[in-house]
Amino acid sequence: MVNIDRVSVRRIIVKNLNMKKVCAKTVPKNLTIDQKFNHKEICSDTLKIIKNDQFFLNNIITCDETWIFTYNPETKRQSMHWKTPTSPRIKKARMSKSKFKAILIVFFEIKGIIFVEWVPSGQTVN
């Protein structure tokens with residue numbers, strides 16, 4: 001539109017505007033303000049409990065699950081964008097998953113993993 005070559009445009013962007021090209025930061029999902037507040041409250045409550053009972057974490061058994069999918073993620077180069085030194089990096093949610101999926105459930109305590117379960121495709125977990 002302004003009829004100048006790419007090298008000149010790049011020089012203006014980098015030297016004059018002090019911008020650089022960076023990759024988007026991948027996060028599991030973008031949280032709402034309410035979700036962020038709730039996470040903060042839960043963490044604050046947990047820290048208060050730990051101050052009163054130093055062995056609190058030794059008594060916890062928890063579990064986590066992860067879905068295993070196959071998909072073609074966007075490359076880092078494809079997610080690059082221009083930013084100024086004061087502007088934040090763009091966040092992008094993880095890509096949508098493919099048709100193939102499997103679930104892995106892991107139970108663990110402070111000493112390590114105590115139980116692992118693969119859930120066959122098509123089954124639900126209660």
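Here the structure is a predicted model, which means the values were calculated and not measured.
Under the 4.5 Å side-chain criterion, counting only non-hydrogen atoms from C-beta, F108 is in contact with T62. You'll find the side chain of L104 reaches within 4.5 Å of the side chain of V116, heavy atoms only. Proximity of T84 to N18: side-chain heavy atoms (C-beta onward) are nowhere separated by under 4.5 Å. Counting heavy atoms from C-beta outward, I13 and V9 have side chains that approach closer than 4.5 Å. Residues L31 and H39 are in side-chain contact: their nearest non-hydrogen atoms beyond the backbone lie under 4.5 Å apart. Side chains of D53 and F55 form a contact here, defined as non-hydrogen atoms less than 4.5 Å apart. Proximity of L57 to N59: side-chain heavy atoms (C-beta onward) are nowhere separated by under 4.5 Å. Side-chain atoms of Q35 and T32, non-hydrogen and from C-beta on, do get closer than 4.5 Å to each other.
The closest donor-acceptor contact from the side chain of T46 to the backbone of I42 lies under 3.5 Å. When atom types are taken as modelled, the side chain of R89 and the backbone of V22 share no donor-acceptor pair closer than 3.5 angstrom. At least one donor-acceptor pair closer than 3.5 Å links the side chain of S44 to the backbone N or O of K40.
Within a 6.0 Å sphere centred on CD1 of I113, other residues, nucleotides and ligands contribute 12 heavy atoms or fewer. Under a cut-off of 6.0 angstrom, the local environment of NZ in K20 is sparse, with at most 12 non-hydrogen atoms contributed by other residues, nucleotides or ligands. No more than 12 heavy atoms of other residues, nucleotides or ligands lie within 6.0 Å of NZ in K25, so this atom counts as exposed by the packing criterion.
In the hydrophobic clustering of ILVMFWY residues, with side-chain heavy atoms under 4.5 Å counting as a link, V106 and I60 come out apart.
How far CE of M19 is from NE2 of H81: 8.5 Å, rounded to the nearest 0.5 Å. The CG atom of L47 lies 5.5 Å from the CD1 atom of I50; values are rounded to the nearest 0.5 Å. Distance check: I103 CD1 to E65 CD gives 4.0 Å after rounding to the nearest 0.5 Å.
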Q. Is there a side chain to side chain contact (heavy atoms under 4.5 Å, CB included) between I12 and I4 once you walk through the steps?
A. CA-CA 11 Å; I12 292 168; I4 58 176; 4.2 Å; yes
Q. Are L17 and W82 close enough, and set up right, to give a side chain to side chain contact (heavy atoms under 4.5 Å, CB included), and what steps lead you there?
A. CA-CA 10 Å; L17 299 177; W82 289 103; over 6 Å; no
